[in-house]
Amino acid sequence: EDQVTQSPEALRLQEGESSSLNCSYTVSGLRGLFWYRQDPGKGPEFLFTLYSAGEEKEKERLKATLTKKESFLHITAPKPEDSATYLCAVQAGYGGSQGNLIFGKGTKLSVKP
Amino acid sequence: SAVISQKPSRDICQRGTSLTIQCQVDSQVTMMFWYRQQPGQSLTLIATANQGSEATYESGFVIDKFPISRPNLTFSTLTVSNMSPEDSSIYLCSVESLGKPYEQYFGPGTRLTVT
């Protein structure tokens, strides 16, 4: 069964304290792994797509990496405005869930000044 | 990326009634998707709506409960029928990006509370 597990569920950091969020997945033929940011009361905002193991993407203080079993979202020197829920999703290449985005429950990040 | 709007942004409805949610995109897209996000849960795909064909529903979702229309390439509606408190959720539409394989962009969502 295609599945996405994110950890931790919640993470509290001090401003400037770097850390990583984890996304573990099992999927039938990975088409892509996606990271989104969701602020309260808003829809998910697209951040990154990763297609194959070893790939990395960066955007400001965020860096996403991908292996065959998991992805990490590294946050370097976070600021309070990085506080949000970060969602990970995978898309299967074949099987019953082919073509659908399968989401994890997210990691709620709080960055204190 | 496409700009997506949804109406209404939120609503409070009585059980047994129906609500139609609208999704408008600023460019023509082939595939539109409807998701549900229940409190504390991940996003769950309800159905995929392609213009000119019947919507494809995921396991656990049926057309009688969640009828979908897709009259053109920029617009879709989702109706939540005969609502119960268990339907209280955020409903989101998304579109697949043209030219960027498999990437989906989401609307702002509709927060539905059923009393």
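Lettering follows sequence order; numbering is per chain, from 1. Computed from heavy atoms alone, side chains included, the values below leave out hydrogens, waters and symmetry copies.
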Contact class of B:Q37 relative to chain A, heavy atoms under 4.5 angstrom: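 For B:Q37, the contact with chain A is made by the side chain alone.
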Please flag which part of B:L43 lies under 4.5 Å from any non-hydrogen atom of chain A: side chain, backbone, both or neither.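 B:L43 touches chain A through backbone and side-chain heavy atoms alike.
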Which class fits the ring pair A:Y36 and A:F46: parallel under 30°, tilted 30 to 60°, perpendicular over 60°?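 Perpendicular, since the angle between the ring planes exceeds 60°.
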Parallel, tilted or perpendicular, judged at 30° and 60°: which one describes the rings of B:Y35 and B:F106?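 Answer is tilted, since the angle falls between 30° and 60°.
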Straight-line distance of B:K65 NZ to B:Y57 OH, nearest 0.5 Å: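 It is 12.5 Å, given to the nearest 0.5 Å.
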Would you tell me whether B:N50 and B:T48 have side-chain atoms, one donor and one acceptor, within less than 3.5 Å of each other?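 Short answer, no.
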Interface moiety of A:Q38 toward chain B, non-hydrogen atoms closer than 4.5 Å: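 Contact with chain B: side chain only.
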